[in-house]
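Counting starts at 1 for both ligands and their atoms, following the listed order.
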Amino acid sequence: MTPTSAVGTHPPADLSMNETPYPPLPGIRRIVADGAAALQRYPDRTSSALVSALTARLGVGPEGILVGPGSAGLCQHLVQSLGPRPEVVHAALSFEGYPLIIGNAGARAVPVPMDGYGHDLPAMADAVTERTRCVLLCNPNNPTGAALRRDEVRAFLDRIPADVPVIVDEAYREFVTDPDAPDGMELYRAYDNVCVLRTFSKAYGLAALRIGYAVVPPRLTRAAALTGAVFFPNALAQAAAVASLSPDVTPELTRRCTELVAARTRLIGALRGLGVTVAPSEANFVWLPLGEGAVSFADRARAAGILVMALPGAGVRITVGSDEANDRLLAFVRAALAEGL
Ligand SMILES: Cc1ncc(COP(=O)(O)O)c(C=O)c1O
């Protein structure tokens with residue numbers, strides 16, 4: 001969403017893109033600045049330093065790791081390379097990028113309606129046929145914030161044929177606190193058709209650099225890597241991602257996630273305290289199922305200098321921001337309720 005106005009002396013509080021409110025760590029900023037001295041050089045085509053850092057972090061051999069231009073870019077490379085079957089099953093309401101990615105890959109989206117705020121996994125398993133290229137699971141789900149539970153995902157995976165890859169998109173994994181939500185890596189180890197997508201955009205705060213990674217069954221790596229073999233990711237992104245995995249910065253990144261989760265709890269509590277319906281969230285955003293009121297809420301918020309993401313007829317997704325931005329949001333909601341939200 002493009003900021004259209006600022007109110008008073010404040011720039012707009014942009015809570016529309018699920019970005020972290022934290023600025024880059026000083027060490028990472030320095031690495032990117034220093035990288036400017038070598039912009040004439042192509043990046044390492046094999047991202048060797050990053051792949052080895054991920055190998056060490058995840059306990060997976062390099063043959064199972066892909067790095068690429070954000071997890072959305074990697075999702076595109078994967079879905080494209082998994083052809084030729086024509087259909088991709090995903091939940092609706094889920095990440096708005098999926099229909100675009102599926103269409104770009106020359107496939108047809110098979111959206112399966114939600115069960116409340118979450119994926120309807122039994123219905124998604126029913127939707128898998130001999131035409132299915134792959135399945136996309138978003139955990140936690142964007143935009144509703146719901147996390148899948150371990151037992152339901154395993155029951156789902158038990159029903160999916162081994163030759164149908166299931167891509168588990170964990171863009172928000174670092175914000176999950178529910179112990180019943182499975183870690184994608186545990187699913188990857190247990191099932192031969194699971195791919196896991198992760199990103200440096202959210203918890204690591206590198207959204208502008210466009211870098212993410214995927215953990216995939218080794219038999220699928222080569223085709224996806226060839227699909228994306230255009231000097232992705234760039235050199236600055238690789239260097240920043242490697243530094244972000246260093247043990248030196250892990251405590252600070254973990255502290256930031258813990259702080260953000262606490263802010264999420266406070267924000268949900270405060271909104272509910274005002275009488276607003278808020279879905280439970282395991283991500284860095286909250287979902288207000290406002291239905292037909294979604295667009296007018298977002299319009300009024302924008303006029304008050306707060307940008308949120310409205311999905312017409314469904315609801316509004318609001319990123320958990322800085323304390324100051326969250327307070328501005330709460331003040332807006334209080335005022336809007338007083339005027340009859
Ligand atoms: C579920 C999900 N997957 C992927 C992405 C894209 O992330 P990246 O910046 O890594 O491409 C987003 C971004 O909002 C997302 O919500």
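Linking ILVMFWY residues whenever their side-chain heavy atoms come closer than 4.5 Å, directly or via other members, places Y172 and V286 in the same cluster.
Between the side chain of N141 and the backbone N or O of L93 there is at least one donor-acceptor pair closer than 3.5 Å. At least one donor-acceptor pair under 3.5 Å links the side chain of Q238 to the backbone N or O of P233. The backbone N or O of T277 lies less than 3.5 Å from no partner atom in the side chain of R272, so there is not a single donor-acceptor pair. The main-chain N or O of A237 is found under 3.5 Å from a side-chain atom of N234 such that the two form a donor-acceptor pair.
If you look at R210 next to ligand 1, the close heavy atoms, those under 4.0 Å, all belong to the side chain. The part of A171 lying near ligand 1 is the side chain, judged by heavy-atom distances below 4.0 Å. For F200, no heavy-atom contact with ligand 1 is shorter than 4.0 Å. Counting heavy atoms under 4.0 Å from ligand 1, residue C138 touches it through the side chain alone.
Taking a 6.0 Å sphere around CZ of R41, one finds it holds 12 or fewer heavy atoms contributed by other residues, nucleotides or ligands.
The two residues T319 and M17 make their nearest non-hydrogen contact at OG1-N, 3.6 Å.
Considering only non-hydrogen protein atoms, atom 14 (O) of ligand 1 sits nearest to K202 NZ, 3.0 Å. Of the protein's non-hydrogen atoms, F95 CZ, 3.5 Å is the one closest to atom 5 (C) of ligand 1. Nearest protein heavy-atom neighbour of atom 7 (O) of ligand 1: S71 OG, 3.2 Å.
Distances from ligand 1 to the non-hydrogen atoms of D169 include at least one value under 4.0 Å. Contact annotation: A72 has at least one heavy atom less than 4.0 Å from an atom of ligand 1.
Heavy-atom contacts of S201 reach the following atoms of ligand 1: 8 (P), 9 (O), 10 (O) (cutoff under 4.0 Å).
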